[in-house]
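Encoded as structure tokens, the structure appears first; notes follow it.
Worth saying up front: this structure is predicted, and the values here are computed from it rather than measured. In what follows, residues are counted from 1 in the order of the sequence shown.
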Amino acid sequence: MTNRQILQAMSGLMAGMFVAILAGTVVANALPTIIADLGASQSSYTWVVTAELLAMTATVPLWGKLSDLFNKKLLLQLSLGMFVVGSLLAGFSHGVELLIFSRVVQGIGAGGLTALAQVVMAAIIPPRRLGKYAGIFGAVFAIGTVAGPLVGGVLVDTSWLGWRWCFFIGVPFALLAIALLQRTLRLPTVVRREAKIDFLGAFLIVAGVCALLIWVTLAGNEFDWASWQTAALTGAGVLLLVAAVFVEARTAEPVIPLGIFRNRTVTLTTVASLLVGVAMFGGTVFLSQYFQVSLGKSPTVAGLMSLPMILGLLVSSTVAGQLISKSGVWKRYLVAGAVIMTVGLGLLSTIDADTSFTLLSVYMAVLGIGVGMLMQNLVLAAQNDVPASELGAATSVLSFFRSMGGTIGTSVLGAVLANRVASEMTKGLDAAGISSGGDGGGESSVPDMSTLPEPVRQIVEHAYGVATADLFLIATPCALLALLTVVFIKEKPLKTTSGMERLAEEAGATTATDKTAVGS
């Protein structure tokens, strides 16, 4: 395919990815307002974020496997349709329960977009040329991440619009993506009459992952870590996943082919993706709350304050992609990205309510540069080292573990944040001679800073500042482990044929082998 044909085919993919990114980022600065308006608690704040991540995580492997069996374009359009339904439900929510449910529906759609966009890219673009196009996706990612919080902040601050439009605004982009995919994406239909969906394996994987993720979300908050609920959820999760492994090892069309983990590159990039998810998503998802609660900024200003991190990500992903396509060398960028990400998280662990924006900007830019060099290129390394027939499975496995890491990080660090905020507020209120009401606000609603008296406001600002720094301190060792994992990945030359070309070659080789066997 020529560059023009590839760019035309990617237009719908980029619109779809923009929608998936917008779904998460547009509500970032609106969440404190949404939670306060619905009268929900800090744990509900975490659940609104976690619900989408959990649904996306649990369904990514199924989407990836379906892409190896059925029409990729149709699956992409189906996932966009689910996103539209989820967005409309979220926009019309009048209670936090419906909002969380709608985020689950959005997450299922986002799972399809996350897995399928990268699968389709690998199908039409050779790995050697994929770097520069991955850089374009990095730019779309950066634009969506920058525009999302800004748009969300403006919508919340505009009285005649409000937070509900944070969900409605993604609908026209999703419909545009569906139309663009129909018009521009041309993929050959591979008929596989013998293909069967492993529904039992899919159910066991989804149920097992959900049980464990619900446990890490609720433990330490709704019940003690050492409790019968913990035993029940972890026991059920482990048993379901063991049963899933048993089923996947024996079925003809497994959702996650266990054989791909014999590939060293896939195994190491999977572990690294999990750790990047914990460090990146777990550490940064609460930054907007820090900006608004601890630093006292408006939603719009909070969106602007995230610009240094996104610009760092944009520049590093684009430049690294171009250099990889030009030279064919990629491991050095993985290692450098992991080092820089670790340093950025370590720097952010030193922030508090009095940190200057200049220092904060430098720290966020360093983190963004590291993530931009690392995250997308892990997928490139894995896609380059698997047969074309397993591109969907390998890509979805990486996305699955990255999303699972993000969900675990968000859940665990959300519980840490709530407990640390409660502890710091109790300490501060007691020192000031103010009654803390017994729990320090750990399970009370997220505070509306504009209504608090000055002494209490200062205590709340300090509590959220200290607690947010703790999250980055916990995330830093995960980034260091990701660095150690990346070091052991073996660099291999990037292939010069696309996934479709390799699939045709593999099919031809299989046919030739069959004919030879018959002739013998």
Side-chain angles (χ1 to χ4, degrees), residues 60-61 64-65 67-68 114-115 117-123 125-131 133-135 137-138 245 248 254-280 317 320-321 323-325 327-339 341 370-405 478-503 505-506:
V60 158
K65 185 58 185 178
S67 74
D68 284 335
T114 301
Q118 296 180 92
V119 171
V120 171
M121 279 182 64
I125 307 171
R128 181 60 190 268
R129 297 169 63 192
L130 191 57
Y133 294 105
F137 263 84
V245 171
E248 295 294 273
V255 175
I256 300 179
L258 301 181
I260 66 172
F261 292 109
R262 298 192 191 100
N263 184 309
R264 174 180 170 179
T265 302
V266 172
T267 301
L268 291 175
T269 52
T270 297
V271 173
S273 294
L274 174 70
L275 294 167
V276 168
V278 173
M280 174 61 184
S317 66
L323 292 174
I324 288 172
S325 288
S327 66
V329 177
W330 49 268
K331 183 175 177 179
R332 65 182 63 169
Y333 301 102
L334 290 182
V335 174
V339 170
M341 183 179 75
V371 172
M373 295 175 69
L374 178 62
M375 195 156 58
Q376 186 63 34
N377 291 323
L378 286 171
V379 178
L380 173 64
Q383 289 176 336
N384 182 61
D385 202 30
V386 296
S389 58
E390 294 182 353
L391 271 176
T395 304
S396 65
V397 162
L398 260 68
S399 299
F400 168 71
F401 280 95
R402 185 176 64 231
S403 298
M404 187 166 71
C478 294
L480 185 59
L481 288 173
L483 168 61
L484 293 175
T485 304
V486 165
V487 167
F488 288 100
I489 297 175
K490 183 179 179 180
E491 183 162 18
K492 297 183 179 180
L494 294 177
K495 293 182 173 68
T496 56
T497 52
S498 70
M500 289 191 297
E501 291 170 331
R502 285 152 57 195
L503 190 62
E505 291 171 1
E506 291 168 14

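- Closest heavy-atom contact between Ala272 and Thr485: N-CG2, 4.0 Å.
- Atom-to-atom distance recorded for Met341:CE and Leu480:CG is 9.5 Å, nearest 0.5 angstrom.
- Of all the heavy atoms in Met373 and Ala336, the pair that sits closest is CE-CB, 3.6 Å.
- Expressed to the nearest 0.5 Å, how far CG of Leu274 lies from OG1 of Thr269 amounts to 11.5 Å.
- Summarising the local packing, CZ of Phe488 is surrounded by 12 or fewer heavy atoms from other residues, nucleotides or ligands at distances under 6.0 Å.
- The backbone N or O of Lys492 sits less than 3.5 Å from a side-chain atom of Trp330, completing a donor-acceptor pair.
- With rounding to the nearest 0.5 angstrom, the NZ atom of Lys331 is 14.0 Å from the CG atom of Asn377.
- The OH atom of Tyr333 sits 6.5 Å away from atom CD1 of Ile324, with the distance rounded to the nearest 0.5 Å.
- Proximity of Leu378 to Leu334: side-chain heavy atoms (C-beta onward) are separated by under 4.5 Å at one or more points.
- Residue Leu275 is tested with Thr270, Leu484, Leu481 for a side chain to side chain contact (heavy atoms under 4.5 Å, CB included); the sole match is Leu481.
- Here CG of Leu268 is found 12.5 Å from NZ of Lys490. Values are rounded to the nearest 0.5 Å.
- No donor-acceptor distance shorter than 3.5 angstrom exists from the side chain of Thr265 to the backbone of Ala382, with no hydrogens or angles considered.
- In this structure, Leu374 CG and Leu483 CG are separated by 9.0 Å, a value rounded to the nearest 0.5 Å.
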